[in-house]
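Nothing here was measured: the structure is a model prediction, and the numbers come from that model. Quick note on labels: first sequence line is chain A, next is B, and so on, each numbered from 1.
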Amino acid sequence: MSEQAVTAQSEDFSRWYNEIVYRADLASPSPVRGCVIIKPYGYEIWEGIKAGLDRRFKETGHQNAYFPLFIPESYIKREAEHVEGFSPELAVVTHAGGKELDEPLVVRPTSETVIGEAFSDWIQSYRDLPLLINQWANVVRWELRTRPFLRTAEFLWQEGHTAHATHDEAEAETLQMLDVYADCAMNDAAIPVIKGEKSRMERFAGALRTYTIEAMMRDKRALQCGTSHNLGQNFAKAFDIRYLTEENAQRYCWTTSWGLSTRMVGAVVMTHGDDKGLRLPPKLAPYQVVIVPIYKSDEQRGAVMDAVERLSRSLDSAGIRVHIDRREGQSPGFKFNDWEMRGVPVRMEIGPRDVEKNNAVLARRDVPGRAGKQFVSQDGIVDVLQSLLVDIQRSLLEDARAFRDAHIQDVETCQQLEEAVAAGEWARAWWAGSDDDELKVKDDTGATIRCFPFEQPGGAGACVLTGRQSKRIALFAKAY
RNA sequence: CGGGGCGUGGCGCAGCCCGGUAGCGCGCACGGUUUGGGUCCGUGAGGCCCCCGGUUCGAAUCCGGGCGCCCCGACCA
């Protein structure tokens, strides 16, 4: 990189995003088109998300399992809408072991089909229900336009798959898992999300209903962060997932699936990042505190490093993820900027003056400049840091929420909708349109229905396009 | 798949019009200097100039062909 500073967000958001992803060491380009290498610093953010989700999955009674990467082509074709939805983006293995395969193998774009087939074996009676399974896996979707984390040909995710005796149980599961996602987004990633239902157009291929959590990025575009699908009996019928009731009757199961991917890492970057780079929420930050030692002479170095090591140990034993920047070649000023770019929530400076006074300098990433700096005693610094980290987590969420709420407009006419979207804002409007109407809005404005939010104003109003009375409002935005 | 651009040390680029055997910034290594907001100086390592063919005494440069990538329009966690 020739220039030292990253491109400003305001100047060119997508350039900012690309630069920060590479310069903050989240990812590096891969030799394969559309794929990226996730580097340790980026992967640790994913691991944080993963740990939080996995804990919640277990708490709600799910178990992890693993299904094959390869899916017989015929499986994909068993559910009509499903094939149609996915076939353009499938990667297919036609040769293996030096010869052509009898039946091509699809590299999974998602696993409803293989898992459906397995479920039909596993489930015999109502006693086997509900069946609550999750898998952590990679999937492949041959996308045309790719961007690191947001859309790559291969990505990591979890996919939950469950089977239930009744529609209502499946629906409750679908909604419960959406809540789990929303909880993870808000409390771990500090991303305020809007829960809602997808329109028919945006629904998962083969689902009865799709629910989503939608977030606003710093460029005001919408990002779908996770989805939960009530699959009805579509896959149960396609894969013959049946159970025997207490009354000895054969019934099809009701199934669900839900997924959240490494896209969430991109969401963290784009929700909190500023002109200087990343701002990581403490709960997900690989390093919550970075200590930058400052010294001139060797004797200063000895005294400073003693204090640094001691402080590091006490933070570590308090469960704070701490890192000492021991690099010799770089000046403190360089290190300050470097760690700010990499989004570390708190920087601790320890220099000769601090050693002398038993002090330390703390600088919080979410408050720029001197205002974010404080001088504290080394005694009791662990407690100070603990509450500082909690406060940073809270303030990132609040900032993001305030930003989002300031950029959602209620609109009543087509023209207002168009103007709002043209200004980059989200628009909220009554909606009673058809699929074609929805397409028309997309053609005219570039915005799509992100969701019908669960939180509705109540009452009824005139549809923004058709003028027909509607009881639902929809959220429109340009999306990733 | 239609329109535009680009392939030159790890990264970003210049050189190409006007052929003469490759350069700059960053990064990297070593030494020194500096270190409380992106130090400075010196030395050094590192290049099938995308590939194949042609023209020429001589090709990164000119000509022909191929490949790859990026950007913009129809799909998407």
Side-chain angles (χ1 to χ4, degrees), chain A residues 1-7 14-15 18-19 22-23 28-29 31-34 84-90 108-111 137-147 149-159 181 198 201-205 207 210 212-215 222-229 257-267 276-277 292-298 300-301 304 325 327-341 347-357 359-361 363 368-370 372-373 375 439 442-443 446 448 479-480:
Chain A
M1 291 291 160
S2 53
E3 71 272 61
Q4 293 194 304
V6 74
T7 300
S14 61
R15 200 169 149 196
N18 278 316
E19 280 182 21
Y22 295 124
R23 292 189 48 193
S28 75
V32 183
R33 190 201 123 77
E84 208 180 311
F86 281 107
S87 48
E89 54 194 53
L90 295 180
R108 65 177 163 226
T110 179
S111 306
N138 57 338
V139 287
V140 168
R141 298 180 187 177
W142 217 254
E143 302 288 354
L144 302 172
R145 307 255 300 104
T146 61
R147 307 192 63 190
F149 296 111
L150 301 178
R151 178 168 301 107
T152 46
E154 178 190 8
F155 57 92
L156 305 181
W157 76 344
Q158 62 59 224
E159 46 179 321
Y181 288 159
K198 283 291 185 189
M201 300 286 304
E202 302 273 327
R203 189 183 293 159
F204 177 75
T210 288
T212 177
I213 50 171
E214 298 283 327
L223 186 73
Q224 175 177 309
C225 294
T227 47
S228 186
H229 318 288
S257 71
W258 23 277
L260 185 147
S261 73
T262 36
R263 169 181 271 193
M264 197 69 177
V265 177
K276 292 183 146 189
V292 178
I294 296 158
Y295 47 79
K296 289 193 176 89
S297 62
D298 272 356
Q300 279 182 345
R301 180 175 189 279
V304 165
D325 189 342
R327 287 178 291 180
E328 297 279 353
Q330 271 77 21
S331 67
F334 177 89
K335 292 177 179 179
F336 296 171
N337 285 284
D338 195 43
W339 291 113
E340 277 166 7
M341 197 244 317
R347 175 182 76 243
M348 187 190 297
E349 303 166 23
I350 301 285
R353 296 206 291 272
D354 302 302
V355 171
E356 216 172 283
K357 298 184 204 156
N359 274 352
V361 178
R370 295 205 72 80
K373 274 200 184 191
F375 300 81
L439 271 175
K442 189 181 180 184
D443 287 344
T448 50
Y480 275 99

> What's the CG-P distance between A:Leu223 and B:rC76, to the nearest Å?
Replying inline: 15 Å
> Can you tell me how far P in B:rG19 sits from the matching atom in B:rC30, rounded to whole Å?
Replying inline: 44 Å
> In whole Å, what separates the C1' atom of B:rG31 from that of B:rG25?
Replying inline: 22 Å
> Going from NE2 on A:His229 to OG1 on A:Thr110, what distance comes out if it is rounded to the nearest 0.5 angstrom?
Replying inline: 7.0 Å
> Is A:Arg263 close enough and on-axis enough to A:Phe155, meaning under 6.0 Å and within 45°, for cation-pi?
Replying inline: no
> In whole angstroms, how far is the P atom of B:rA77 from the CD atom of A:Glu159?
Replying inline: 14 Å
> What nucleotide among B:rG36, B:rC76, B:rU39 has an atom nearest to a side-chain atom of A:Ser331?
Replying inline: B:rU39
>> Can you tell me if A:Phe334 is stacked onto the base of B:rG37, using a 5.5 Å centroid cut-off and an angle below 30°?
In response: no
>> Need to verify one output field. Residue with the more 5' nearest nucleotide on RNA chain B, A:Ser261 or A:Tyr295?
In response: A:Tyr295
>> For a quick check of understanding: with a heavy-atom distance under 4.0 Å over all strands, which category does A:Glu349 fall into, base, sugar-phosphate or nothing?
In response: base
> For the residue pair A:Glu143 and A:Thr152, what are the closest heavy atoms and their distance?
Replying inline: CG-O, 4.5 Å
> B:rA60 pairs with which nucleotide, Watson-Crick or G-U wobble, both distances below 3.5 Å?
Replying inline: none
> Separation of A:Gln300 atom CD from B:rG36 atom P, in whole Å?
Replying inline: 12 Å
> Can you find a pair of side-chain heavy atoms, one from A:Lys335 and one from A:Arg347, that are under 4.5 Å apart?
Replying inline: no
> Nearest-Å distance, CZ (A:Arg301) to P (B:rU34)?
Replying inline: 16 Å
>> Categorize A:Lys276 for me: base, sugar-phosphate, or nothing, with a 4.0 angstrom heavy-atom threshold over every strand shown.
In response: base
> What does A:Gly351 touch in the nucleic acid at a heavy-atom separation under 4.0 angstrom: a base, only the sugar-phosphate, or nothing?
Replying inline: base
> Say you pick atom C1' in B:rC16 and the same atom in B:rC50; how far apart are they, in whole Å?
Replying inline: 16 Å
> Can you tell me the Watson-Crick or wobble partner of B:rA14, both distances under 3.5 angstrom?
Replying inline: none
> Hey, are A:Lys442 and A:Glu202 close enough for a salt bridge, meaning a charged N less than 4.0 Å from a carboxylate O?
Replying inline: no
>> Contact between A:Asn18 and A:Arg15 at the side-chain level, heavy atoms closer than 4.5 Å - yes or no?
In response: no
>> For B:rG2, give the paired nucleotide (Watson-Crick: N1-N3 plus N6-O4 or O6-N4; G-U: N1-O2 and O6-N3; both under 3.5 Å), or none.
In response: B:rC72
> With rounding to whole Å, what would you report as the distance between B:rG65 and B:rC13 at their C1' atoms?
Replying inline: 28 Å
>> Just to be sure I understand the rule, does A:Ser87 reach a base, reach only the sugar-phosphate, or reach nothing, if contact means heavy atoms closer than 4.0 Å?
In response: nothing
> A:Arg347 near the nucleic acid: base, sugar-phosphate alone, or nothing, with a heavy-atom cut-off under 4.0 Å?
Replying inline: base
>> Could you check whether atom NZ of A:Lys357 has more than 12 heavy atoms from other residues, nucleotides or ligands sitting under 6.0 Å from it?
In response: no
> Can you tell which of B:rG37, B:rU35, B:rA77 lies closest to the side chain of A:Gln224?
Replying inline: B:rA77
> Say you pick atom P in B:rG66 and the same atom in B:rC1; how far apart are they, in whole Å?
Replying inline: 14 Å
>> For A:Ala360 and A:Lys442, find the nucleotide of RNA chain B closest to each by heavy atoms; which residue's nucleotide sits nearer the 5' end?
In response: A:Ala360
> Considering only the P atoms, how many Å lie between B:rG23 and B:rG47, rounded to the nearest integer?
Replying inline: 13 Å
> What is the distance, rounded to the nearest whole Å, between atom CH2 of A:Trp339 and atom P of B:rG36?
Replying inline: 18 Å
>> Would you measure the distance from the P atom in B:rC76 across to the matching atom in B:rC69 and give it in whole Å?
In response: 24 Å
> Choosing from B:rA77, B:rG37, B:rC76, which nucleotide comes nearest the side chain of A:Thr227?
Replying inline: B:rA77
> Does B:rG44 have a Watson-Crick or wobble partner in any strand here, with both distances under 3.5 angstrom, and which is it?
Replying inline: B:rC28
> How close or far is atom C1' of B:rC76 from atom CZ of A:Arg203, stated in whole angstroms?
Replying inline: 17 Å
>> Just to be sure I understand the rule, does A:Val361 reach a base, reach only the sugar-phosphate, or reach nothing, if contact means heavy atoms closer than 4.0 Å?
In response: base
>> Within the 4.0 Å heavy-atom criterion, would you say A:Pro88 contacts the bases, only the backbone, or no part of the nucleic acid?
In response: nothing
>> In whole Å, I'd like the distance from the CG atom of A:Asn337 to the P atom of B:rG38.
In response: 7 Å
> With both distances under 3.5 angstrom, what nucleotide forms a Watson-Crick or G-U wobble pair with B:rC67?
Replying inline: B:rG7
>> Could you tell me how far B:rC67 sits from B:rG27 if I compare only their C1' atoms? Round to whole Å.
In response: 30 Å
>> Nearest to the side chain of A:Asp354, heavy atoms from C-beta on, is which of B:rG36, B:rA77, B:rC75?
In response: B:rG36
> In whole angstrom, what separates A:Lys296's NZ from B:rU35's P?
Replying inline: 5 Å
> Does a distance-only test, which skips hydrogens and angles, find a donor-acceptor pair under 3.5 Å between the side chain of A:Gln330 and the base of B:rG38?
Replying inline: no
>> Mind checking if A:Leu260 touches a base, just sugar-phosphate, or nothing, with heavy atoms under 4.0 Å?
In response: nothing
> Which nucleotide sits closest to the side chain of A:Glu89: B:rU35, B:rC75, B:rG37?
Replying inline: B:rC75
> In Å and rounded to the nearest 0.5 Å, what is the CG to CG distance from A:Leu156 to A:Leu260?
Replying inline: 11.5 Å
